[in-house]
Amino acid sequence: MIDLTEVTKIYRRGPEEIQALKGISLGIAAGEFAAISGKSGCGKSTLLHIIGGLEPCTSGRVVVDGRNLARLPDLELTRFRRDRVGVVFQSFNLLPLLTLEENVALPRVLQGISYSQAREEAGHWLQEVELAHRRGHKPHQVSGGEMQRAAIARALINRPAVLLADEPTGNLDSATAGQILELFARVHRDWRQTVVLVSHAAEVAGYADRLLSMQDGVIL
Amino acid sequence: MKLFLFRLSLSHLTEYPGRTLLGILGIALGTAVYLSISLAAASSLKSFQAGVTAVAGKAQWRLKSPGSPLNESLFARVRRLPEVKAGAPVVESVLEFTGPRKGPVLLLGIDPFSERPFRNYDFQTGTGLDREAWLQFLTQPGAVLVSDRLAAQKGLKVGDPLPVLVGPARHTLKVAGVFHSPSGLYPLEGSLLLMDLAGAQELLDRVGQLDYIDLILKGDGDQAASRLARELPPGVDLVRPGTQGRQLEGMVASYRLNLTVLSAIALFVGMFLIYQSVTLSVVRRRREIGLLRTLGLGRGQVLLLFLAEGLASGAVGGLLGLGLGVVLAQSALALMTHNLSSLYAPVQATEVVVQTRLLLQAWGLAVAATLIAAWIPAREAARTRVRAVWYREELEERLQNRSGTFGVLGLLALALAGFFAVLRFGSGPSLPSFAAAFLILLAFALFTPFAARNLGERLQPLLRRLLGPPGDLGCRYLSGSLSRSAVSIAALACALGMLIAVAVMIGSFRQTVNSWVTRSISGDIFFGPAIFSTAAYDHYLPREILPGLQKDPDIQDIYLYRCVRLPFKDRFLLVIGGSFDVLAKYGGLWFRQGDTQRIMQEVGGESHGVPADTAARPTAPGSPKPNPPYPPLEKGGNSSPLSRERKSPPLLKGDLGGFFGSSKTVESNTDYRKQETENRKPAVVISEPLAETFGYKEGDILALPTPAGVQKLKIAGVFYDYRTDGPSVWMDIRQFRTFWPDTRLNAVRLYLKDKTKIAAVQARLQEAYGSRYRLLTVSHQELRQGILKIFDETFALTYTLEGVAVVVAVFGIITTFLVLIMERERELALLQALGASRGQILSMVLVESGLASFLSFVLGALCGSLLSLLLIYVINKQAFGWTIQLHWTPGIYWQTLVLVLALGLLSGAYPAWRAVQPHLAAILKEE
Ligand SMILES: Nc1ncnc2c1ncn2[C@@H]1O[C@H](COP(=O)(O)OP(=O)(O)OP(=O)(O)O)[C@@H](O)[C@H]1O
Ligand SMILES: [Mg+2]
């Protein structure tokens with residue numbers, strides 16, 4: 001499903017160069033739940049963004065779901081992000097203007113399906129994350145855990161090939177974090193969803209198939 | 001502690017330099033425009049006042065006859081009266097330099113031996129004014145003394161020739177010496193010539209006449225004055241010198257007030273910018289405020305913090321504005337003196353007098369405006385609960401919920417505006433109507449949140465269907481970010497409203513003037529020394545010309561025109577004598593009510609004029625113009641069978657007043673007097689501005705001061721008049737000459753037999769008289785063009801002021817979108833991460849900014865249309881007495897729509913385009 005070979009990423013800030021990824025080769029099979037951990041600044045988010053097509057790599061080959069991301073034109077890349085990837089962020093990143101239901105429906109709407117159908121599906125996914133009763137609320141009216149559950153529903157509504165999560169529990173207390181991790185595990189278990197999850201939390205080990213640890217831009 | 005906090009504020013100002021700069025610039029521009037107008041107005045009036053004071057000198061009293069010269073013999077008589085300590089006879093006229101040195105110059109004809117107690121001009125004996133020059137001044141025709149300032153300005157030396165126009169006639173004066181005014185005050189910025197009285201009388205064709213006599217009385221001034229007044233012949237008034245300045249001030253008060261109010265609009269729009277800027281800063285710093293409050297900062301301190309931020313922008317912007325305003329005042333002054341000179345009286349102010357009072361006033365206004373604008377969001381900030389996680393969306397929701405209340409408040413403001421619009425105190429421009437204008441602007445500003453919210457919500461389903469997600473989200477963003485966008489939309493709407501209102505008003509006015517010229521000014525050729533410069537009341541048609549015109553075979557009829565200007569209450573009044581029988585024949589004057597023909601006959605046509613059935617029926621307002629406009633009349637008007645039957649002597653063209661030695665006309669004059677004694681008050685017509693300014697109606701009696709004493713005149717009709725030089729009274733010229741017994745004419749209108757010969761006759765007249773005189777021969781078409789040109793020049797300043805307000809508002813809309821989109825960078829990146837394409841994001845932003853601009857336009861157009869009605873039917877009517885016919889000008893609506901949409905879309909597209917450029921990840925990186 002995910003196939004990286006010799007991927008590097010260099011950030012240039014004026015004359016200064018920061019090498020965030022230093023030649024990463026990695027394969028993640030379909031249906032696998034991979035957890036990445038490592039010290040702050042070791043390049044976890046960068047790696048995740050490159051897999052999700054949010055950021056180009058400097059060199060190397062990135063193949064996700066059969067697509068070579070480096071070769072994809074902008075429009076294709078947009079379509080790839082829209083149809084094949086679901087992303088969950090640490091700070092939830094819901095659109096404050098939209099209700100939870102509308103937030104969840106957004107990727108489907110962007111695909112161009114009808115609003116009523118998108119909302120219906122969103123309702124279904126909100127039920128999956130046990131938020132059906134909150135569907136009409138705006139993000140600022142619900143708790144952090146609820147926001148993150150809505151964000152997960154949004155990431156799943158397109159039935160993406162890969163679900164990427166960047167420290168999804170970083171802003172939550174440990175009890176809520178447990179619920180969220182449980183949700184990821186369930187998704188992985190029930191639908192054989194490929195999941196790549198970045199986390200500092202030790203308890204993630206209990207849910208993932210595979211543990212990867214990074215240090216200073218390389219996978220150990 | 002405090003200092004530290006303000007440093008925090010300051011750092012916020014510098015953190016977003018673009019936004020801060022635009023806010024400051026907006027205030028600066030507003031202040032600058034306001035200041036420049038008030039400086040220019042003050043400078044030109046001050047210069048005029050200085051002139052009046054300089055000419056009055058130490059005179060306590062002045063003898064004048066309304067609109068006419070005094071007999072010279074009066075001076076000798078008055079001088080001998082026991083009350084009079086000193087007296088000085090004066091003739092004066094504004095001449096015009098010709099040749100390389102242009103511009104107006106005031107000529108004072110004085111008696112140097114009587115002058116000393118009054119003006120005490122220093123005839124500098126050292127600089128060439130020796131015995132010989134002195135002798136020359138007294139004896140040589142055309143010898144003048146020039147002021148030292150004029151000599152310096154124009155590089156004049158003793159012996160230099162000075163080519164000038166005296167009325168229409170070309171003369172060459174000679175510099176006999178230079179004088180100095182110890183008071184330092186000069187009229188017309190030093191453009192002053194002194195001439196010996198006798199020489200000046202001859203030059204001005206006023207032999208045996210004086211314009212006024214200045215007096216210093218003995219003992220108790222007022223008692224002596226009242227004793228003196230009793231000894232004066234009828235028609236001679238004893239007045240205080242210097243009232244002239246006050247009358248000019250009264251006359252230009254409306255002009256000035258209109259400009260001041262217009263210039264304040266830019267500042268008003270600038271207030272929105274400051275409000276906007278402080279609101280954004282409050283919204284952005286909400287976390288910081290919460291934190292500071294937990295750390296023990298009081299409510300008052302929070303309020304102060306944000307007020308200080310607004311104040312800093314206001315103070316700096318105000319200061320910048322002061323500098324800019326002084327610079328701008330120079331150009332405003334040039335435009336204004338040009339306007340005032342062509343509209344009212346010669347004014348020649350070239351230097352801006354920078355008055356500290358006006359500077360402080362403008363700066364204070366800027367600071368006050370920013371404080372008010374900053375106060376509202378600062379209060380909002382101060383209300384923040386301690387430790388509360390304050391989401392922007394809470395503020396948005398509060399605003400959305402309150403938008404209905406705002407709308408109701410807006411309706412109340414509109415109702416109040418309607419009330420003020422019908423309210424009226426006294427004469428002249430009144431404050432309630434300006435308050436009404438302000439309330440209309442306010443009302444539409446208050447409608448904005450409601451309108452933005454509803455527009456967004458209503459259009460959402462439609463745009464969703466049409467454009468998909470971008471349409472949907474664009475609408476949501478419009479109705480969901482009122483706290484940031486509503487103010488800019490309101491500011492732009494206000495500026496556009498003013499622009500549209502002023503454009504519709506000016507457009508309607510121009511159309512009205514245009515059709516007025518067509519409908520109520522008849523004549524093929526207008527011939528005289530000063531056709532357009534209505535301020536030249538003492539410019540006469542040379543005497544030799546009229547007989548020549550009467551003999552001219554191409555000319556069918558001649559309309560005689562005589563005009564004087566006299567002080568009347570706190571204004572100047574024009575009294576005009578014209579050939580009413582010619583008017584009755586060819587049409588002219590456009591009465592607001594009553595039967596034109598009957599009015600014309602009542603004023604002059606009945607006993608002397610042409611029989612009604614041969615006369616053209618002048619068009620009444622609203623009825624179509626007859627075609628052809630001038631029905632044929634037999635030459636001289638005396639071969640018509642009806643005329644022959646009449647007992648009164650046959651009518652000769654142009655020979656109506658009969659002051660050219662014909663005995664027949666003396667008879668006709670006695671006829672006139674007889675009518676008066678038969679207890680019938682002479683009838684006149686008055687202009688609408690006169691009626692409106694002083695509240696006269698048809699049928700009222702007007703008490704008019706004349707050299708023949710105060711006359712009671714019946715107002716037979718009120719006609720539309722758009723001359724800018726003030727209210728006027730029109731009467732038949734024979735009537736006029738019973739009050740002002742002279743034979744002068746200011747101009748004539750010629751009616752030709754063959755309309756195709758207009759150009760040929762014009763050329764012939766120029767050839768015959770052009771070398772000796774400067775006379776204008778203007779065709780009807782040229783007259784119309786000339787009048788419209790003056791019209792456009794008059795409103796150039798108005799348009800400029802409006803333009804500035806729009807520029808300020810455009811600043812607002814640009815900042816708003818820059819900030820709005822930049823703040824949303826993260827959300828836009830998120831949308832991209834979720835799979836929105838760049839095109840979708842761009843079109844979403846364009847939907848939002850397009851709708852916002854469109855809304856500004858709609859609100860502005862509605863507000864502008866209402867305001868234009870107010871301007872046309874209330875403010876202008878009150879200020880100038882003009883009835884303006886409303887002419888809808890759709891052009892201005894289209895133009896503003898295109899302008900606003902283009903600007904709005906561009907100012908949204910630019911930041912949106914920038915937002916979709918960088919890599920998403922960089923923006924999405926966790927905080
Ligand atoms: N836009 C950028 N410009 C320059 N350097 C960057 C940028 N983004 C990341 N970096 C650098 O790249 C390195 C890797 O960053 P990355 O965000 O991937 O770390 P991380 O492992 O996610 O850390 P954390 O656990 O704190 O989130 C860091 O040294 C970071 O400073
Ligand atoms: Mg990270």
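Note on naming: letters A, B, ... go to the chains in the order of the sequence lines (proteins, then strands), and numbering restarts at 1 for each one.
- Using a 4.5 Å cut-off between heavy atoms, A:Glu167 does not touch chain B at all.
- By number of non-hydrogen pairs under 4.5 angstrom with chain B, the leading residue of A:Gln141, A:Arg154, A:Lys138 is A:Arg154.
- For a residue to count as touching a neighbouring chain, one of its non-hydrogen atoms must lie under 4.5 Å from one of that chain's; by this rule A:Leu77 does not touch chain B.
- Heavy-atom distances place the side chain of A:Leu106, and not its backbone, under 4.5 Å from chain B.
- Annotation: A:Glu120, atom CD; neighbour count of heavy atoms from other residues, nucleotides and ligands within 6.0 Å does not exceed 12.
- Residue A:Gln111: no heavy atom, backbone or side chain, is found under 4.5 Å from chain B.
- Heavy-atom contacts from other residues, nucleotides or ligands closer than 6.0 Å to OH of A:Tyr207 number more than 12.
- Atom SG of B:Cys475 and atom CG of A:Leu97 lie 11.5 Å apart (nearest 0.5 Å).
- Proximity to chain B (any heavy atom under 4.5 Å) is restricted, for A:Asp74, to the side chain, taken from C-beta onward.
- With a 4.5 angstrom heavy-atom cutoff, A:Arg79 does not touch chain B via any of its atoms.
- When heavy atoms are compared at a cutoff of 4.5 Å, A:Phe80 does not approach chain B at all.
- Taking every heavy atom of both residues into account, A:Tyr115 and B:Pro469 meet most closely at OH-CA, 3.7 Å.
- Shown here for B:Leu830 and A:Leu95, the closest heavy-atom pair between the two residues is CD2-CD2, 4.1 Å.
- Here the side chain of A:Arg81 pairs a donor or acceptor atom with the backbone of B:Gln832 at under 3.5 angstrom.
- The two residues A:Leu110 and B:Leu831 have their closest heavy-atom pair at CD1-O, 4.2 Å.
- Between chain B and the residues A:Ile50, A:Val109, A:Asn158, the largest count of heavy-atom pairs under 4.5 Å involves A:Val109.
- In terms of non-hydrogen atom pairs under 4.5 Å with chain B, the most contact-rich of A:Pro107, A:Gly86, A:Pro96 is A:Pro96.
- Only the side chain of B:Arg464 comes within contact range of chain A, judged by heavy atoms closer than 4.5 Å.
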